[in-house]
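Heads up: the structure comes next, in structure tokens.
Scope of the values below: all heavy atoms of this structure, side chains included, with no hydrogens, waters or symmetry mates.
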Amino acid sequence: GAPGPCLCCDVAAAHSMANHADAMASGQDAAPTLLGTILNGVEELRKHLSLNKSVDQTAATADKKAKRVAREAAAARRLKSTGGNAIFTASEVATHSTPDDAWMIIDGKVYDVTDFDHPGGDVILSYAGLDATEVFEAMHPTTAPRVHMKRLLVGTLDTSSARSVDSQDSSNQNMLEDFGRLKHQLSQGGLMTARKPYYARKLAELVAMAAGGIWLLMSGAAAAHGAAWWAATVLLGMCVAQSGWLGHDLCHLQVFRKSAHNNLMGIVVLALGMGGSAHWWKNKHNRHHATPNRLDSDTKVCVDPDIDTIPLIAWDDALARQVPPGSRGLIRIQHWLLWPVLTVAYANWLQQSTAHMLTFPMPRARRALEVALVSVHHAGLVAAVFAGLPLASAAAMYCVLHGIAGFVLAFVFVQSHNGMEVYDDDKDFVTAQLVSTRNILPGHFTDWFFGGLNYQIEHHLFPNMPRHSLAAARPLVKAFAARHGLVYEECGLLESNRRVFNRLKAVSRLATAKP
């Protein structure tokens, strides 16, 4: 999906990055800098926000801690008595399916992840009580996370029970085994290995767009000529959007062999190029990848945060029904409203990203790095635009370039997932990706404009596959889907927009229908 941002549980790599950043922060404490000043301001704001916690919240936190201690003690006693060899049925695992009591199955082993500080965010709880083997393997390109999972082990799955909680039938099991062979084929063919010159070129493109836009501003050309004004605006807007795509690749661990290198560069590119938090992106985007277009089976609340857009846009009847009849005015015209709304997508993401960056628990050094780089992005962009143009013209450019960036990023997501199935049942990883995802027919401009995400099906099945390999994987994935009778939706851009429009129009009829 869209940015978005990483799917790594490489705890060792994450700790390495945090320790490195902590060392940087300690040096800055000795000699106060702008970064230190920013960090102090952030901490003061966090302390102020923390005062808003109620007594009930504090009591709930204490109760949760007490329950966690009790669970850990029980788990320790169980492991001591069984040596980690306790056997559980799939049905027993399914009873541990809440955030306060979360077990999951991976490769026939049962793990208690209730209190696991998952580097990829709370997406891990999406598979509580389920078999997460396929999604785990798709989102982790290395075997390192398995080393750190040993302490979470509570037992093994009863071999007489189904491999997953869904009791998948033999044909579905055969499909998943064939998917494993496909994954091995792609890896052996070198399609999971990044070509560094390709990504160096992508970085050079960002620098060129930023330099071109700033030169037009500083030279006075943008102030003197309307065409130059638009050229600078488009260059800077597309630089922000394409920074999102490169940051997306980095946070999916596509570029470097070491997760820490991907993560660090992902922070830099998303913060400096796009002005957003990679930590926010990870937490949001990981859940989208694990549960695309999914609703909770009981409440019908969005599990996938990327379709949580009511009361503005409802992608399915179940979502529209959550809006009171008297508040469905926007849904009635959502098929016309969608495209103009995309122009303010960046402003919405910026608000979410900033709030997350300032208040969400994360290592102090990580917060300092993100705040500093995001501040440099926005301060530098404001300085360049407002120094090179009269006030009104500068304000217009600032708004328009962010409108362009937000439209591009959101437009790609709309083509990729909207108008596809929205579901509330437990599907295996492969089926969930295919029923909810659409490809756009390739072309040189399309591939560039979409950041390679017009091959959205291949990307969702293999999130760690480098962007330049997606086209080569496409015919193999199509053949795999055909072998197993799975949907593989692919169409041109105009047809995709028609399908999205028609789906939104169909849902809007629910809003106009009489109670």
Side-chain angles (χ1 to χ4, degrees), residues 1-4 237-238 241 244-245 288 291-295 300 302 304-323 325 327-349 400 402-424 432-443 445-457 459-460 487-514:
M238 289 307 299
W245 298 147
H288 160 68
T291 58
N293 283 10
R294 182 177 177 178
L295 305 179
K300 308 305 178 186
C302 295
D304 178 1
D306 284 3
I307 60 170
D308 187 9
T309 53
I310 54 173
L312 187 60
I313 303 288
W315 302 104
D316 185 79
D317 290 352
L319 291 173
R321 290 190 185 97
Q322 296 180 35
V323 181
S327 303
R328 296 176 183 171
L330 294 176
I331 294 177
R332 293 188 179 96
I333 57 171
Q334 63 178 4
H335 45 302
W336 298 111
L337 189 64
L338 172 64
W339 282 268
V341 163
L342 299 185
T343 60
V344 297
Y346 181 89
N348 179 47
W349 293 332
V400 172
H402 285 109
I404 291 172
F407 182 89
V408 170
L409 295 167
F411 180 81
V412 168
F413 175 80
V414 166
Q415 309 310 315
S416 301
H417 296 287
N418 299 140
M420 298 296 292
E421 181 179 341
V422 175
Y423 60 95
D424 61 7
Q433 308 307 315
L434 287 169
V435 301
S436 62
T437 308
R438 176 193 300 115
N439 273 11
I440 303 300
L441 292 171
F445 177 76
T446 302
D447 290 1
W448 178 81
F449 184 84
F450 275 65
L453 295 181
N454 50 311
Y455 304 99
Q456 190 74 231
I457 293 173
H459 170 62
H460 261 254
V487 62
Y488 185 99
E489 178 156 326
E490 184 176 62
C491 61
L493 195 54
L494 291 178
E495 174 61 19
S496 173
N497 279 276
R498 187 188 71 81
R499 294 179 187 182
V500 171
F501 179 88
N502 288 342
R503 179 59 183 159
L504 289 176
K505 185 177 181 181
V507 174
S508 74
R509 294 193 182 106
L510 178 66
T512 57
K514 294 181 179 180

key: Test side-chain contact (heavy atoms from CB on, under 4.5 Å) applied to L295 and V422, step by step   = CA-CA 7 Å; L295 305 179; V422 175; 3.7 Å; yes
Check against side-chain contact (heavy atoms from CB on, under 4.5 Å), I440 and E490 = CA-CA 6 Å; I440 303 300; E490 184 176 62; over 6 Å; no
key: Stepwise side-chain contact (heavy atoms from CB on, under 4.5 Å) check, M238 with V408   = CA-CA 8 Å; M238 289 307 299; V408 170; 3.8 Å; yes
Stepwise side-chain contact (heavy atoms from CB on, under 4.5 Å) test for F501 and L338 = CA-CA 9 Å; F501 179 88; L338 172 64; over 6 Å; no
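From I310, atom CD1 reaches atom CZ of R328 across 10.0 Å, with rounding to the nearest 0.5 Å. With rounding to the nearest 0.5 angstrom, the CG atom of D308 is 8.0 Å from the CG atom of L319. Here the CZ atom belonging to R498 is positioned 9.0 Å from the SG atom belonging to C491, to the nearest 0.5 angstrom. With rounding to the nearest 0.5 Å, the separation of CE in M420 from CG in N293 is 8.0 Å. Taking CG of L494 as the start and CZ of R499 as the end, the distance is 12.0 Å to the nearest 0.5 Å. Note that the CD atom of E489 and the CD atom of Q456 stand 12.5 Å from one another [nearest 0.5 Å].
Side-chain contact between L493 and F450 is present, with heavy atoms from C-beta onward closer than 4.5 Å. Taking 4.5 Å as the limit, every side-chain heavy atom of N454 sits out of range of all side-chain heavy atoms of L441. Residues H402 and W349 have side chains not in contact (no heavy-atom distance under 4.5 Å, counting atoms from C-beta outward). Contact of the W315 side chain with the V507 side chain is not registered, since no non-hydrogen atoms from C-beta on lie closer than 4.5 Å. Between Y346 and I404 there is no side-chain heavy-atom pair separated by less than 4.5 Å.
The two residues Y455 and P442 come nearest to each other via the heavy atoms OH-CB, 3.0 Å. Looking at every heavy atom in both residues, K505 comes nearest to S508 through O-OG, 2.5 Å. Between S416 and V412, the closest heavy-atom pair is OG-O, 2.8 Å. Closest non-hydrogen pair, S436 versus Y423, comes out as CB-CE2, 4.5 Å. Residues L342 and A410 come closest through the heavy atom pair CD2-CB, 3.6 Å. Across T291 and D304, no two heavy atoms sit closer than the pair O-CB, 3.0 Å.
Applying the salt bridge (Lys or Arg N to Asp or Glu O under 4.0 Å) test to D316 and every residue at least two apart in sequence or in another chain returns R503.
The side chain to side chain donor-acceptor pair (under 3.5 Å) analysis of residues 330-345, with sequence neighbours excluded, yields the pairs W339-N497.
If you look at H288 and F413, their ring centroids are closer than 6.0 Å.
Between the side chains of S496 and Q415, at least one donor N or O lies within less than 3.5 Å of an accepting N or O.
Under the 3.5 Å distance criterion, the side-chain polar atoms of S327 are left unmatched by any main-chain donor or acceptor of V323. N418 contributes no side-chain N or O that, together with a main-chain N or O of V500, makes up a donor-acceptor pair within less than 3.5 Å.
Ring orientation note: the planes of F407 and F411 are close to parallel, at an angle under 30° on the 30°/60° scale.
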